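Working notes, beginning with the structure itself.
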Amino acid sequence: MSAEYLKEHINDRFSLVHAGNGDVSVFADDVIAGLRSKPKQISPKYFYDDKGSELFEKICTTPEYYVTRTEASILKEHSREIADANSDKSLVVELGSGSSIKTRYILNAFIKNTTPVTYVPIDVSQILVQSGNALLREFEGLLVNGIIGEYEHALEIVSQVYKQPKIILFLGSSIGNFDLKYAEEFLKKISACTNKGDSLLIGFDLVKDENILNAAYNDNEGVTAEFNLNLIRRINNEFGVQIDENNFEHTAFFNPQKSRIEMHLISKCDQSFCLNGSGEISFRKNETIHTENSYKFTGEMIKALAESAGLSIQNSWKDKNNYFELCLMGK
Ligand code: AVJ
């Protein structure tokens, strides 16, 4: 199978591949299908337009959202050990790299062992251009070959283009957005794009006191609420409609049976609207759009996931509060 892509040369140390799925109507189709289904739902991947990405970065700095800073503290403490356990590798691939802030610990440690290190950030957003340039200024021994596109397509490109040993990073508990069945499938796909000896570093947010979990998704300043409601704004922008944001309300709560935080947008009233050719989409008061799941893991869940994907856990690290776990897996 050959993946199609377009390569852009930015400078001697920086290239970008546009793995684009090319289909601009995907957002529109998915939103309409999601709002017609029962219960109503929209995939969390649609949070991340420019405004949404900015709001997510802001969430990461709220006092309640412990996830980012906890993972960063683990990376800070153990990057050297991770690099030493992977001293045969000069290729670092990252799924969902965003601004690559936490990745700096890893890159720094790898560059101390070998140069040049080739970093392949993968993200759906143009943020790669800025973050790539910033990294190149910071790290002399770095080459950046970014891929703008969706994970699965980008992974195919990675496995075609790079034959040398690699480590793939999947940080931030982004895997928590997937339902458990799909997380398993996704790990299998990653595994299929790796060779023996490659490794995988994954961040998992752990099950903990419900109050801490609930607070992290209901920050006082209302940033998470704004992030959730930004979906309505995005629908307005992309469909050219004017749904009143004030007719929806953010809610997020831990669902212990499913071991996940659920985020929804609740309709505050009976309302209906049309999106290009969607027909009438109507809401009852208190009906919700399910906008995100964020799974919280136990050690057993992580073990089962790795096993089902045929990966072995080589090492893992937690913070002192046991809030978060970073796992190094291998094939
Ligand atoms: C980026 C999926 C890891 O689930 O914690 C943060 C997204 N949503 N606050 C998470 C998110 C609301 C985040 N992930």
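Counting starts at 1 for both ligands and their atoms, following the listed order. Since the structure is predicted, the reported quantities are computational estimates derived from the model, not experimental observations.
With no hydrogens or angles considered, a side-chain donor-acceptor pair links N86 and S199 at under 3.5 Å. In this structure, a donor-acceptor pair under 3.5 Å is present between the side chains of Y162 and N145.
Residue-to-ligand polar distances keep S174 apart from ligand 1: every N/O pair is separated by 3.5 Å or more. Looking at ligand 1, you'll find an N or O of S294 within less than 3.5 Å of one of its N or O atoms.
Comparing heavy-atom distances from atom 5 (O) of ligand 1 across F56, Y217, F178 singles out Y217 as nearest. Counting heavy atoms only, Y65 comes closest to atom 10 (C) of ligand 1 of the residues Y65, Y48, F47.
By the 30° and 60° cut-offs, the orientation of the rings of Y48 relative to F56 is perpendicular. Using the six-membered ring where Trp is involved, F283 and F273 have ring planes that are tilted, between 30° and 60° apart. Ring geometry, Y151 versus F170: the interplanar angle exceeds 60°, so the pair is classed perpendicular (tilted spans 30 to 60°).
Remark: ligand 1 atoms within the under-4.0 Å shell around heavy atoms of S173 are 3 (C).
Within the structure, ligand 1 lacks G176 among the residues with a heavy atom less than 4.0 angstrom away.
From the protein, the heavy atom lying nearest to atom 7 (C) of ligand 1 is E292 OE2, 3.4 Å. Among protein heavy atoms, atom 3 (C) of ligand 1 sits closest to G172 O, 3.0 Å. If you check which protein heavy atom lies closest to atom 2 (C) of ligand 1, you get N177 OD1, 3.3 Å.
Salt bridge status for K45 with E150: present, with a side-chain N to carboxylate O gap under 4.0 Å.
Under the 6.0 Å cut-off for aromatic ring centres, H78 and Y105 do not qualify, their centroids lying 6.0 Å or more apart.
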